[in-house]
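Every value quoted in this text rests on a predicted model; they were computed, and no experiment measured them.
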Amino acid sequence: MSAQTRTNTGDNQLERHQTMTNTALELFCTRIVDAGSLNQDDVRELARDILPDGIMGREEADLLLALDRAVADTHEGFSTFVTVEVVNFAVYGERPTGIITREMSAWLSASIAGRKGPTALGSRIAMEIVREAETSDETLIAFALKAKSATTKSATAKASACSTGRMPCAA
């Protein structure tokens with residue numbers, strides 16, 4: 001067997017694995033959105049069965065970030081899992097390792113922001129990537145700082161509305 005054939009065979013196996021993972025992840029996301037909540041057992045299933053090797057592509061990261069926006073009732077372990085996996089993928093899984101390029105920064109900013117701006121989890125992910133990377137494109141640094149500021153202001157406004165009785169307070 002030639003080296004080219006071996007390489008193609010390896011590429012095909014990786015492609016098949018990524019397709020199966022994406023399908024399993026898509027089904028998981030659909031089920032969670034339909035249920036309207038994501039509990040500790042769901043986080044375990046995601047980590048152990050669906051993404052045991054972590055995020056392998058941008059599509060998987062996009063799905064998890066979209067799931068965060070679509071489901072408000074999530075177990076705290078979900079935020080931790082997604083943060084760790086997106087940071088690992090962006091900083092160590094993409095080349096050049098440890099460097100967030102302009103192109104990577106543009107993708108991350110768009111994916112994290114979605115249509116309505118970043119969630120608290122998205123803001124956390126952006127800040128963690130900037131901290132973890134050896135070098136980050138200035139666009140991502142600016143995005144992370146702006147996202148952190150926006151989520152801090154939103155949290156402060158909610159706390160104020162709660163304390164003045166304009167909004168029910170969580171127990």
Side-chain angles (χ1 to χ4, degrees), residues 10-11 13-137 139-148 150-151 155:
D11 290 346
Q13 288 173 344
L14 177 62
E15 188 175 304
R16 252 194 325 271
H17 172 73
Q18 287 176 334
T19 301
M20 288 182 352
T21 301
N22 281 338
T23 301
L25 184 57
E26 287 172 11
L27 292 171
F28 174 84
C29 291
T30 300
R31 188 181 86 230
I32 297 303
V33 169
D34 288 346
S37 67
L38 191 147
N39 62 38
Q40 185 175 6
D41 291 335
D42 298 323
V43 175
R44 279 192 202 112
E45 177 187 0
L46 182 62
R48 292 180 186 168
D49 302 334
I50 298 172
L51 296 172
D53 299 323
I55 294 173
M56 302 301 244
R58 291 181 181 189
E59 299 82 14
E60 292 172 351
D62 288 337
L63 283 168
L64 293 174
L65 292 166
L67 184 60
D68 171 52
R69 287 188 294 275
V71 179
D73 183 17
T74 60
H75 184 272
E76 66 227 18
F78 177 71
S79 293
T80 301
F81 175 79
V82 174
T83 300
V84 168
E85 293 305 326
V86 173
V87 169
N88 282 340
F89 172 73
V91 176
Y92 303 109
E94 291 280 280
R95 301 295 175 255
T97 302
I99 298 172
I100 304 301
T101 63
R102 182 175 302 269
E103 189 271 331
M104 170 66 83
S105 175
W107 166 71
L108 283 165
S109 298
S111 188
I112 290 171
R115 291 185 185 144
K116 297 180 180 179
T119 62
L121 174 58
S123 174
R124 177 178 164 191
I125 290 168
M127 288 301 296
E128 290 299 322
I129 289 170
V130 169
R131 282 189 191 116
E132 188 71 20
E134 185 178 318
T135 305
S136 293
D137 179 70
T139 307
L140 183 63
I141 295 170
F143 174 83
L145 292 171
K146 185 176 177 183
K148 181 179 181 186
T151 55

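Under the side chain to side chain contact (heavy atoms under 4.5 Å, CB included) test applied with Val82, the options Asp68, Ile125, Thr74 reduce to a single match, Ile125.
One finds the CG atom of Leu51 at 5.5 Å from the CD atom of Glu60 (value rounded to the nearest 0.5 Å). Atom CE of Met127 sits about 5.5 Å away from atom CG of Leu145, to the nearest 0.5 Å. Atom CG of Leu25 and atom CD1 of Ile32 lie 10.5 Å apart (nearest 0.5 Å). Atom CD1 in Ile50 sits 11.5 Å away from atom CG in Asn22 (nearest 0.5 Å). With values rounded to the nearest 0.5 angstrom, Leu38 atom CG is found 8.5 Å from Arg31 atom CZ. Between Met104 atom CE and Ile99 atom CD1 the span is 11.5 Å, to the nearest 0.5 Å.
Looking at every heavy atom in both residues, Thr101 comes nearest to Pro96 through CG2-CD, 3.9 Å. Looking at every heavy atom in both residues, Leu121 comes nearest to Ser79 through CD1-O, 3.5 Å. Counting all heavy atoms, side chain and backbone alike, Leu63 lies closest to Cys29 at O-SG, 4.1 Å. Between Leu65 and Ser111 the shortest heavy-atom distance is CD1-OG, 3.3 Å. Nearest approach of Ser123 to Ile112, heavy atoms of both residues: N-CG2, 4.4 Å. Between Ala133 and Val91, the closest heavy-atom pair is CA-CG1, 3.9 Å.
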Take Phe78 and Val71, measure what side-chain contact (heavy atoms from CB on, under 4.5 Å) needs, and give me the verdict at the end. CA-CA 11 Å; Phe78 177 71; Val71 179; over 6 Å; no

Yes or no on side-chain contact (heavy atoms from CB on, under 4.5 Å) for Asp42 and Leu46, after CA distance, side-chain angles and deciding distance? CA-CA 6 Å; Asp42 298 323; Leu46 182 62; over 6 Å; no

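Taking the side chain as every heavy atom from C-beta outward, Glu103 and Glu94 never approach each other to under 4.5 Å. The side-chain heavy atoms of Ile55 and Val86, taken from C-beta on, include a pair separated by under 4.5 Å. Inter-residue side-chain proximity for Ile141 and Ile100 is flagged as unmet; no heavy-atom pair is nearer than 4.5 Å. Within the 4.5 Å cutoff, no side-chain heavy atoms of Asp137 are placed close to those of Phe143. Residues Asp73 and Asn39 are not in side-chain contact: their nearest non-hydrogen atoms beyond the backbone lie 4.5 Å or more apart.
Arg44 CZ: more than 12 foreign heavy atoms inside a 6.0 Å radius.
Note on Arg124 versus Glu76: no salt bridge recorded, every NZ/NE/NH1/NH2 to OD/OE distance being 4.0 Å or above.
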